[in-house]
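Worksheet for the structure shown next.
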Amino acid sequence: MIEAVNLTKVYHIPDKDPGVRGAVKALFRPRHTSKTAVKDVSFAIEPGEIVGYIGVNGAGKSTTIKMLTGILVPTGGQVRVLGRDPHRERVANARDIGVVFGQRSQLWWDLALRESLTMVGRIYEVDDARFQRLISEFSETLELKELLPIPIRNMSLGQKMRAELAATLIHEPRIVYLDEPTIGLDLLVKERIRAFIKRINQEKGTTVVLTTHDLGDIEELCRRVLIIDNGVLIYDGSLETIKQRFGKYREITFETAADLNGLDVPTGADVLEKGGRTLSLRFDRTQTSASRVSASIMSQIEVIDLSLKEPDLSMVVKQIYQGGLKETA
Amino acid sequence: MALLNYPSLYWLFLKNRIKILMEYRMNFLIGATSTIMIQGAGLLTVWVIMSQIPDLNGWTLPQVLLIYGLITLSKSINHMFADNLWTLGRDYVRTGAFDRFMVRPVDPLFHLLADRFCHDGIGNFLVGGVLVAIAAARLGIVWTPGVIVYFAVMVLSGGVIFIALNLMTCVSAFWIMDSVPVTRVVFEMHEFAKYPLSIYPRAIGLLLTWAIPFGFASYFPATRLMGLETPLWQAYGAPLVAAVLLAVALAVWRFGLRHYGSTGT
């Protein structure tokens, strides 16, 4: 369904010295630095999959998505979406895909949602009957009814995302690209958005490519993840493997009343960081527990405050990178 | 999207645009007032000059007003339907909103133009129309069907010349983000075309005929309407000039679009 072979994108960024002199110099003798944003990325996505595409900021996620959607032309390699070159056959490709750019709305700020959706529907040439059917479907699945008469500018972040999803799916695309669909939303809304994504995937067989920083999104939705770091695909495989490998760790940080010295580290935990009055430990959830680790520390020293952290994405990426987890399918 | 469906899609965009404008009624009124005041100031200048010097290098006030009115009409067509070209860099390329056009099954240029009909142009259109009507009455121009058709074709061609020049220059947004300075340099040349080209040094006349051909939108058709002796290519050249210019502008646009695809932002 989506196929990338040695996909590469090199940007040419103009070099400028600071100040007016630099600007003038750049005007007459432009110099460029080449920056490889995506390098030799290959993968294949099958119909009906939900794939998480993850990586830290600037890792090359957006650039890849832009090449898949036909916005950017690859510098090297090939991309095929439903058998087409998405840039050269841009219009045909556009009919089959839907894109949510997390932070940027595709709706008209001042128009009531109903009108915005009508416009989007007309752009995609969705006939009236189908349009009505989808609106009533979304009224249920996205609780859209109450939003229809409201202009986008008066919506909350979560309402906006529901509106955005409706607009993206109004032409029933076979593939949707979701760029950070839950960013900034509270937990309850996140849950609803995730449930909705799952539902369209199951009911309509829509293929979903999801980029996110939120491991919760991934855990809830994806069986397969692609991890990109510095433009290079460093992992393509099941989420299960990652979870087994890294999901068992937790990080716990203590702030103590007195200076730390000569402390016994509880079994099953390692010191991550130790400074004047703060101590960070990492422990294996399968071997010990938060209460056992904290009880051990608290019995040795007075603790003013403590915080518990799940492993975040950057930590996972770093560890995969260092550990060289090789499971490229 | 099939070509046939574009007009109805444009109509839908236009209806919703008007809906938005009606919601911001105050903005609408301020915009309309400022347009009329700007036009008024321009006209006042002409009137003051012409009342001091009864003729401008042999041209009378009504004659100058006809030229002035014609270019105002052409400009207003650009202003109404293609004003969004000015904002391509600032509002679409830089913000990434242009990406949205690229993932929709419509022509991105159509989408850009349809996105914002500019109502301020309506005021200019009315002012231009009134000027032409007054000038024509004073000059004794009779509105026979032939004259009306000729007039309409010239104004439309002039509008296309404006749009093509703005389109050509706004494409620079794909390289430098803010295309406004580039567009402005070329656009402002139309100021010369508000007056008879014969009053200027030869170089300016040539510039406005062959390079930035606003002369075809004002001076040339005006002399023809006044019944002055006008070479055929000047009197009837506007549609051809407009067509060629538009073809070039569209080629430049497509070139810019390819560049956008290979750089991204």
Side-chain angles (χ1 to χ4, degrees), chain A residues 9-14 27 30 32 37-38 62-63 65-75 86-101 103-112 114-116 118-125 151 153 167-168 171 173 176-177 179, chain B residues 1-25 27-28 91-112 114-117 174-177 181 254-265:
Chain A
K9 182 75 199 177
V10 180
Y11 291 123
H12 295 282
I13 301 157
L27 201 61
H32 295 272
V38 171
S62 302
T63 303
I65 299 292
K66 282 182 180 183
M67 288 192 280
L68 298 182
T69 49
I71 297 169
L72 287 186
V73 187
T75 315
H87 186 78
R88 293 183 59 187
E89 295 160 84
R90 192 188 66 77
V91 173
N93 181 58
R95 282 181 208 286
D96 282 326
I97 66 165
V99 191
V100 171
F101 293 113
Q103 310 278 46
R104 287 184 247 129
S105 178
Q106 62 171 308
L107 300 166
W108 286 261
W109 191 246
D110 290 312
L111 285 181
R114 185 190 295 283
E115 273 139 15
S116 269
T118 306
M119 279 173 80
V120 176
R122 285 282 291 279
I123 285 171
Y124 285 96
E125 297 174 282
R153 61 160 193 269
T168 302
H171 62 293
V176 283
Y177 301 94
D179 188 8
Chain B
M1 173 168 285
L3 213 56
L4 267 169
N5 293 334
Y6 276 110
S8 78
L9 187 59
Y10 191 88
W11 177 237
L12 182 68
F13 271 77
L14 186 61
K15 272 193 297 194
N16 280 318
R17 173 78 185 144
I18 291 166
K19 229 176 265 176
I20 294 170
L21 289 173
M22 286 304 112
E23 215 174 311
Y24 292 96
R25 206 157 288 164
N27 285 20
F28 180 82
D91 291 353
Y92 293 91
V93 176
R94 206 179 53 191
T95 60
F98 199 77
D99 286 351
R100 172 61 54 199
F101 295 171
M102 298 292 284
V103 297
R104 283 181 170 162
V106 286
D107 185 77
L109 178 59
F110 168 83
H111 206 318
L112 177 69
D115 228 24
R116 194 169 62 90
F117 169 84
F174 292 129
W175 281 268
I176 57 172
M177 297 279 174
R254 278 192 291 269
F255 176 71
L257 213 54
R258 268 204 304 280
H259 179 79
Y260 180 80
S262 60
T263 55
T265 31

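Chain letters run A, B, ... following the sequence lines, proteins first and then strands; every chain starts at 1.
Salt bridge annotation for A/Glu115-B/Lys15: absent, with no cationic side-chain nitrogen under 4.0 angstrom from a carboxylate oxygen.
Residues A/Leu72 and B/Met102 form no side-chain contact, since every pair of their non-hydrogen atoms from C-beta on lies 4.5 Å or further apart. Counting heavy atoms from C-beta on, the side chains of B/Tyr260 and A/Val73 never come closer than 4.5 Å. Between B/His111 and A/Ile123, the closest side-chain pair of non-hydrogen atoms falls below 4.5 Å.
A donor-acceptor contact shorter than 3.5 Å links the side chain of A/Arg104 to the backbone of B/Gly96.
Taking A/Arg122, A/Arg95, A/His87 one by one and counting their heavy-atom pairs under 4.5 Å with chain B, the maximum is reached by A/Arg122.
Here A/Ser62 pairs with A/Asp179 under the side chain to side chain contact (heavy atoms under 4.5 Å, CB included) rule; sequence neighbours left out.
Using a 4.5 Å cut-off between heavy atoms, A/Arg90 contacts chain B through its side chain alone, with no backbone atom that close. B/Ser8 touches chain A through backbone and side chain together, each having a heavy atom under 4.5 Å away. Contacts between A/Trp108 and chain B at a heavy-atom distance below 4.5 Å involve the side chain alone, from C-beta outward.
Remark: A/Glu125 CD to B/Leu9 CG distance equals 8.5 Å, nearest 0.5 Å. The OG1 atom of A/Thr69 sits 9.5 Å away from the CZ atom of B/Arg100 when rounded to the nearest 0.5 Å.
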Tell me, with the steps shown, if A/Asp110 and B/Tyr24 meet side chain to side chain contact (heavy atoms under 4.5 Å, CB included). CA-CA 10 Å; A/Asp110 290 312; B/Tyr24 292 96; 2.6 Å; yes
